[in-house]
Structure formats: structure tokens, C-alpha cells
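Proteins get letters first, then strands, A, B, ... in listed order; numbering begins at 1 in each.
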2 protein chains.
Amino acid sequence: METTWETELRTAGLRVTRPRLSVLGVLAEHPHVDADTIATAARTVHPSISPQAVYGVLKALVGGGLARRIEPAGGPALYELRVGDNHHHLVCRGCGVVADVDCVVGQAPCLSPSETAGFAVDEAEVVFWGLCADCQVARRTHGYGTNSTTENSAIEEGVGA
Amino acid sequence: METTWETELRTAGLRVTRPRLSVLGVLAEHPHVDADTIATAARTVHPSISPQAVYGVLKALVGGGLARRIEPAGGPALYELRVGDNHHHLVCRGCGVVADVDCVVGQAPCLSPSETAGFAVDEAEVVFWGLCADCQVARRTHGYGTNSTTENSAIEEGVGA
DNA sequence: CTCTTGATTTGACTGGATCAAAACAACAGG
DNA sequence: CCTGTTGTTTTGATCCAGTCAAATCAAGAG
């Protein structure tokens, strides 16, 4: 598998280094994670990696088109490997879990606002806010979100496609 | 005009204070501004207002449903008075200008992802990214975005409805 | 006018992210 | 295989938006 990443890195004109492979490994296992979680997870594979190195790697990956950065309001930025297929996200207000959703209605509608006001639009970003299944249960059970504040990153869930 | 805001504040169960009226005044003139710009502008009317007071006021306004907070990726949070009508935003990658757009296709489509993955969705946030008219010209003229970095807030532009 | 309660001020602090310079490693060429 | 160049990683400092807590102050009820 790593061979694939090596190829992709080279194709993007990036050198193949241990930190980069570690980060790619983490991203492959966890679809939506923040920089800090990536650093922690990557350290199990490559102990000496520093948080700043992770930022550098992520910047390089995003720049090279291997990863995508998403920034849900009110939280740290998350990174994912799914690039190229324009898909959107479901974010849980309770625990911060992010799930993928394929483009809402086919392909085109997402990219055409009624009035562009002179803007040259190149991307439509759609974020659905709500409560994930777990948080709905928690809220009904304990009266108010309980398992919420504890872990609001590092968790992930893949759905679309 | 202030009378209206006084009424709205009271209706929301909030006290009518000078800082609040100042902030509302700024928001009425500038549809999409960040907290810092609001503080600066409000100071022309009420010199002694502190940045933290602005955060407090904004929090109160958002909590009371008088203002809405939007957080475009990569920039500080912006605030606007248009609440209740679900409209979306066009953000310029060059200068950060934000313009309003009415709901893409009528009302409903915005709220139905193809797969909810068990989520109870309550809001669909749509952000269109692109280049505003000015930045398109600037980019074509100077080869690369020029008037960009200088002012990326405090500017605003109203369009939809 | 006075009192209560909520709002503002002041000042310190957090967390995510960026920057710059120095140490280091990938990989092309000999 | 060895060497040099150049892009990466490290280290450490720094920035900015935003938050928190205690003290002061003013809105509005009585």
C-alpha cells in the first residue's frame, strides 16, 4: 500500500519521507482528523515526529492535491484523503463527528447559486449540521448532551460512497 | 431606527445598553464584518468600548437571535443581522469579501442530503468560493492577486434579496 | 432614590496555527 | 558507493482570535 502513496507523492513532485508516509497512514485509517490527533497517532509509528512537522506535511499534501482541508466552524481544521470527488459533510453539533455525504443532488446544482453577484465561483462547500445517532440517544437519555465534550475529535465515521 | 433595536433587544430579554446599540449600528451598515472591525467602527460612536465588550455583545446578540455568526474557513468569524431567512454566502478567495445569496434552489433542497447516516440534520450551510469581480480584474491585470492581502475584512457587499 | 441583577471593563490566559533559522535527509549525478 | 544540492524536518519563538474570572458599573424594577 505504501508503494501507492510513494507513487502519489512523487507524482505530485514531493519527496517520499517517513513523516509523510506516517501522516498518510493515519489519514487512511481516520477519514476526518485534526492536526493534533494526526500528530499523536503518527507518533505511534514514527515517535520523533513533531507537531509542527505535521503541519508542514499537511500543507505539502494539501498543496500537492493529496489531501483536503476542511474547517468546520468552531473547531480545529480537519484533513481527509478524499479529493477530486466533490462530496460534502455532515457535522455533529454534539461530539464533532464528521461523516461524508455524496453530492447533494447529482452534480451540477451544488455549483450554481442563483445570483453570482459577479463572482467567478469555483467551489461550493456544503456542510450539514445536526446530531449524530449517538448524540441523539445521549440527549434523549440524559436530558442533555453528555458524552459530548469529552472527545470531539479523533473520532471519525465514513459513510458516503 | 434605534427604537426598533431597543424593541428587539427587549423582546429578546436583553437590556438596552450603549455598546449594544453601537454594535447593532455597525452591523446595520456593514453586512459582514469581523469582531475586530466592529470594535474599531463602534469606537467612533462609543470611544470607550473594549474589544472584549464587543465579544460579549456579539455573543448576547447571537444568543438572542438578533445576529448570526458565520465562520468562513481560514478567517475570523463574521457577523450579520440577517437572520431567519436561510440564505447563503459567496466568499472571495482574493480579498475575503462576502456577499449574500438567496437559497440556491427555492427552499427545501438545501436541507436534504442524499444519505443522512443517522444524523438529525437541522441546518444546511452553503458557502460558494470564488473570486469577486474586482479580484478577477486585478488578477488578470497584474498577473496575480494584488489588492488582496491588504484589506480582507471591513469590506462588505450586499446582494441577494 | 435605592437596590438588584445583568452588562462591561480589565487583565490574564488558552489553543490553533504560522514563521524563521538551523540541522538533517532524500535523491540525482558522478 | 560516495558526494552535493535542495527540499524537509526540527526547534523555538510568535501571532491571532477567542475565552475566562473577578471587579466595577449601569439598566431598570420597585
Side-chain angles (χ1 to χ4, degrees), chain A residues 2 5-24 33-40 42-43 45-64 66-67 69-79 96 149 151-154, chain B residues 2 5-24 32-40 42-43 45-64 66-67 69-79 96 149 152-154:
Chain A
E2 317 219 339
W5 291 329
E6 284 192 33
T7 312
E8 294 203 47
L9 283 171
R10 280 186 229 279
T11 306
L14 297 170
R15 286 188 183 167
V16 178
T17 66
R18 190 100 82 80
R20 286 177 181 176
L21 292 175
S22 310
V23 169
L24 283 169
V33 275
D34 60 280
D36 190 61
T37 305
I38 294 174
T40 308
R43 217 165 278 126
V45 177
H46 181 185
S48 76
I49 200 172
S50 68
Q52 289 79 344
V54 173
Y55 279 110
V57 169
L58 290 172
K59 201 171 178 181
L61 293 181
V62 171
L66 296 200
R69 174 187 182 135
I70 58 180
E71 303 184 41
L78 306 180
Y79 296 84
T149 51
E151 271 281 308
N152 65 349
S153 63
Chain B
E2 319 221 337
W5 291 330
E6 284 193 33
T7 313
E8 294 203 47
L9 283 170
R10 278 185 232 280
T11 306
L14 298 169
R15 286 188 182 167
V16 178
T17 67
R18 189 100 81 81
R20 287 177 179 175
L21 292 176
S22 311
V23 169
L24 283 169
H32 309 96
V33 275
D34 60 280
D36 189 61
T37 304
I38 294 173
T40 306
R43 218 165 279 125
V45 176
H46 180 185
S48 76
I49 199 171
S50 68
Q52 290 79 343
V54 173
Y55 280 110
V57 169
L58 290 172
K59 201 171 178 181
L61 293 182
V62 172
L66 296 201
R69 175 188 181 133
I70 60 180
E71 302 185 42
L78 306 179
Y79 296 84
T149 51
N152 67 346
S153 62

ask   = What does B/A60 touch in the nucleic acid at a heavy-atom separation under 4.0 angstrom: a base, only the sugar-phosphate, or nothing?
value = nothing
request  = Report which part of the nucleic acid A/R18 touches: base, sugar-phosphate, or nothing (heavy-atom distance under 4.0 Å, all strands).
outcome  = nothing
Atom pair distance, as rounded to whole Å: [atom1] in [X] and [atom2] in [N]:
X: A/E6; N: C/dA26; atom1: CD; atom2: C1'; answer: 12 Å
X: A/H46; N: C/dA26; atom1: NE2; atom2: P; answer: 10 Å
X: B/E71; N: C/dG16; atom1: CD; atom2: P; answer: 14 Å
X: A/I38; N: D/dT9; atom1: CD1; atom2: P; answer: 14 Å
X: A/K59; N: C/dG16; atom1: NZ; atom2: P; answer: 18 Å
X: B/Y55; N: C/dC13; atom1: OH; atom2: P; answer: 19 Å
X: B/D34; N: D/dA17; atom1: CG; atom2: C1'; answer: 10 Å
X: A/L21; N: C/dA25; atom1: CG; atom2: P; answer: 16 Å

Closest non-hydrogen atom pair, [X] against [Y]:
X: B/V16; Y: B/L21; result: CG1-CD1, 3.9 Å
X: A/H46; Y: A/S22; result: CB-OG, 3.5 Å
X: B/R43; Y: B/S50; result: NH2-C, 4.4 Å

Q) Do A/L24 and A/L9 have side chains that get closer than 4.5 Å, going by heavy atoms? A) yes
What nucleotide, of [options], holds the atom closest to the side chain of [X]?
X: A/Q52; options: D/dA27, D/dA13, C/dA17; value: D/dA13
X: B/V16; options: C/dT9, C/dA7, D/dG28; value: D/dG28
X: B/A77; options: D/dG18, C/dC27, C/dA17; value: D/dG18

Looking at [N], I'd like to know if its phosphate oxygens (OP1 or OP2) sit under 4.0 Å from a side-chain N or O belonging to [X].
X: A/S50; N: D/dT10; result: yes
X: A/T17; N: D/dT9; result: yes
X: B/R20; N: D/dA27; result: no
X: A/S48; N: D/dT10; result: yes

DNA chain D nearest-nucleotide lookup for B/G75 and B/R10: closer to the 5′ end is B/G75
Contacts of B/R69 and B/L14 projected onto DNA chain D by closest heavy atom; the upstream (5') one is B/R69
Assign each of B/R15 and B/I49 the nucleotide of DNA chain C bearing its closest heavy atom; nearer the 5' end lies the nucleotide of B/R15
Worksheet item: Does A/R20 reach the main-chain N or O of A/R15 with its side chain, forming a donor-acceptor pair under 3.5 Å?
Response: yes
